[in-house]
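Whatever order the structure lists them in is the order used to number ligands and atoms, beginning at 1.
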Amino acid sequence: MSASTSVSASPERILVGVAGGIAAYKAAELVRRLRERGVQVRVVMTENAERFVAPLTFQALSGEPVRTSLWDSAAEAAMGHIELARWAQRIVIAPASADLIARLAQGQAGDLLTTLCLASEAPLFVAPAMNRVMWANAAVQANVATLATRGATLLGPDEGDQACGETGVGRMWEAGAIAEAVLEPRPDPAARAVLAGKRLLLTAGPTFEDLDPVRYLGNRSSGRMGYAIATQAQRLGMDVILVSGPVSLPAPSGVRRVSVRSAEDMREAVQAHVSGTDVFIATAAVADFRPSERSDSKIKKRGDGGLTLELVQNPDILAEVAARQDRPFVVGFAAETHDVERYARDKLERKRLDMIAANRVGDDGCGFDADCNALEVFWPEGRAPIGKASKTQVARELLGMIAERLGELRT
Ligand code: C5P
C-alpha cells in the first residue's frame, strides 16, 4: 500500500462504554467533548459504573437514552444490542477497569457492554484507569497485550496522581485526548504492522542558547511538526521518547517527554536515550551556534558602544546519531529557501541519513510556526512528495513512508 493511501474518515456515531471505576466521572466530560465535535454519542454503562455516576448524567449529555442492561425487555424486543453494535462506528471504553479488560480479553459476554464489543465490527478503543499496582500486574498486562494483538487501540494510561492517593501509571487519559484519538482517521494498518512495538526517539522545537540570565538566542520553531509526529507514532503503537526544546505545547498523551533548553542539553538527552532506538527523527531547529561564554549576571549597556558576541558551533546531534555503530533508521529535516533537492540530497549524503524531509520555507505560509506543512522526502534511491496538509496528516504520511522504507530494508 502506498504511504499516502488515505484511511477512513472521522466517525459520526460513537458508542461510549463506561465501566465501574472512579474515573467514570471523566467519561461525562468525554461525552461532552465528542458532542462538541458534532458526533452522535450513545452510552452503555456496566452495572458497577452506575455506582459511580447516574445514567441520567450521560442521558442529559448525550441526548440519548443510556443502556445499562442486556435484560431491558423494551429495548431488546427489537434486538437492541445488535442494533447498537451495528450503529456504532467506533466503540471507546472509558474508563476500562481491570475487570472489564479481563472480560474483553476472554471474549466474555455476560453483560450488555461485553456482548456489544463481541457483536460489533467497529474499531475498539480502550482507555484503562486503575491503581498503579493493578496496572503493573502481569495478568492485567497480559490481557491488555491480548486486546492490542486483536487490533484494539490502547489509549493510556498516563502517569500522575491517582484518586487512591498514590502516584504512578494508571490515570485515565484526559477526556480531550481520548476524544481526539478516537476521532482521528484509523492509523494505516500497513504502517502499524511495521512500526508497532518499535522505539522512536525524536527531537523537536527550538533550542535556546543563553547569553546571560535573561537573554538567549532562539528561533521561531513551534515544535508542532515534531509533536504531531510523536502523537501519530504513539497511535501506531510505537514507544516514543520526545526530546523537546522550549515550546508551549502540552506533552502528547502516552509519549515520554524529556524537556531540554540548549543544543548541548538536547545532545546529552539524545545520547542518554538513543541506545535501543529503532527510528530517530530530528525535527528540532537546533541552533547552529551558541555564545562562547554565558555571563552569570545581566550584560549591561556600555555607553554608546555596541556589543560583539563571539559564537561557537554546536554539535550536530543528527550526524552524531547517524555515525553510531548501532545506528537506528535516521531521518533528518531540512528547511531550505531554494534549490531544495540539491541541498537536501547533499545533507542526506553528508550526514549519512536514511531519509530527509525537506520543506521550502516561506511557501504558502506553510512550515515554520504554522499549522500546515508540505514536504519533499528523499532517500538514497528515491523521493516522494507530501502535499500541503495539516501537520497531523503530514506526520501520518511521513510515518507511512518510514514504515515502507523500513519494511523494504528488512526484506
Ligand atoms: O544542517 P541543517 O541544520 O540544515 O540540518 C537540519 C537537520 O539536522 C534537522 O533534522 C536538525 O534537527 C538536525 N540538526 C541537529 N543538530 C544540529 C543542527 C541540525 O540535529 N546542531
Taking every heavy atom of Ser244 against every heavy atom of Tyr227, the minimum-distance pair comes out as OG-OH, 2.7 Å
Could you check ligand 1 for N or O atoms lying under 3.5 Å from protein N or O atoms and list the pairs with distances?
unit_1: ligand 1; atom_1: 1 (O); unit_2: Lys351; atom_2: NZ; d: 3.0
unit_1: ligand 1; atom_1: 4 (O); unit_2: Lys347; atom_2: NZ; d: 2.5
unit_1: ligand 1; atom_1: 5 (O); unit_2: Lys351; atom_2: NZ; d: 3.0
unit_1: ligand 1; atom_1: 8 (O); unit_2: Lys351; atom_2: NZ; d: 3.2
unit_1: ligand 1; atom_1: 10 (O); unit_2: Ala282; atom_2: O; d: 2.6
unit_1: ligand 1; atom_1: 10 (O); unit_2: Phe333; atom_2: N; d: 2.8
unit_1: ligand 1; atom_1: 10 (O); unit_2: Phe333; atom_2: O; d: 3.3
unit_1: ligand 1; atom_1: 12 (O); unit_2: Ala282; atom_2: O; d: 3.4
unit_1: ligand 1; atom_1: 12 (O); unit_2: Ala284; atom_2: O; d: 2.6
unit_1: ligand 1; atom_1: 16 (N); unit_2: Ile317; atom_2: N; d: 3.1
unit_1: ligand 1; atom_1: 20 (O); unit_2: Leu318; atom_2: N; d: 2.9
unit_1: ligand 1; atom_1: 21 (N); unit_2: Pro315; atom_2: O; d: 2.7

Item to complete: Kindly indicate whether a cation-pi arrangement holds for Arg42 with Phe58, taking the cut-offs as under 6.0 Å to the six-membered ring centre and within 45° of the axis.
Response: no
Using only heavy-atom distances, determine whether the side chains of Tyr25 and Thr57 contain a donor-acceptor pair under 3.5 Å.
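No - no donor-acceptor pair under 3.5 Å links their side chains.
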Task: Any side-chain heavy-atom pair of Leu309 and Pro291 under 4.5 Å - done: no
- Side chain to side chain, Gln162 and Arg132, heavy atoms closer than 4.5 Å: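 In contact.
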- Pairing of Asp158 and Arg171 as salt bridge, 4.0 angstrom limit: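 No salt bridge links Asp158 with Arg171.
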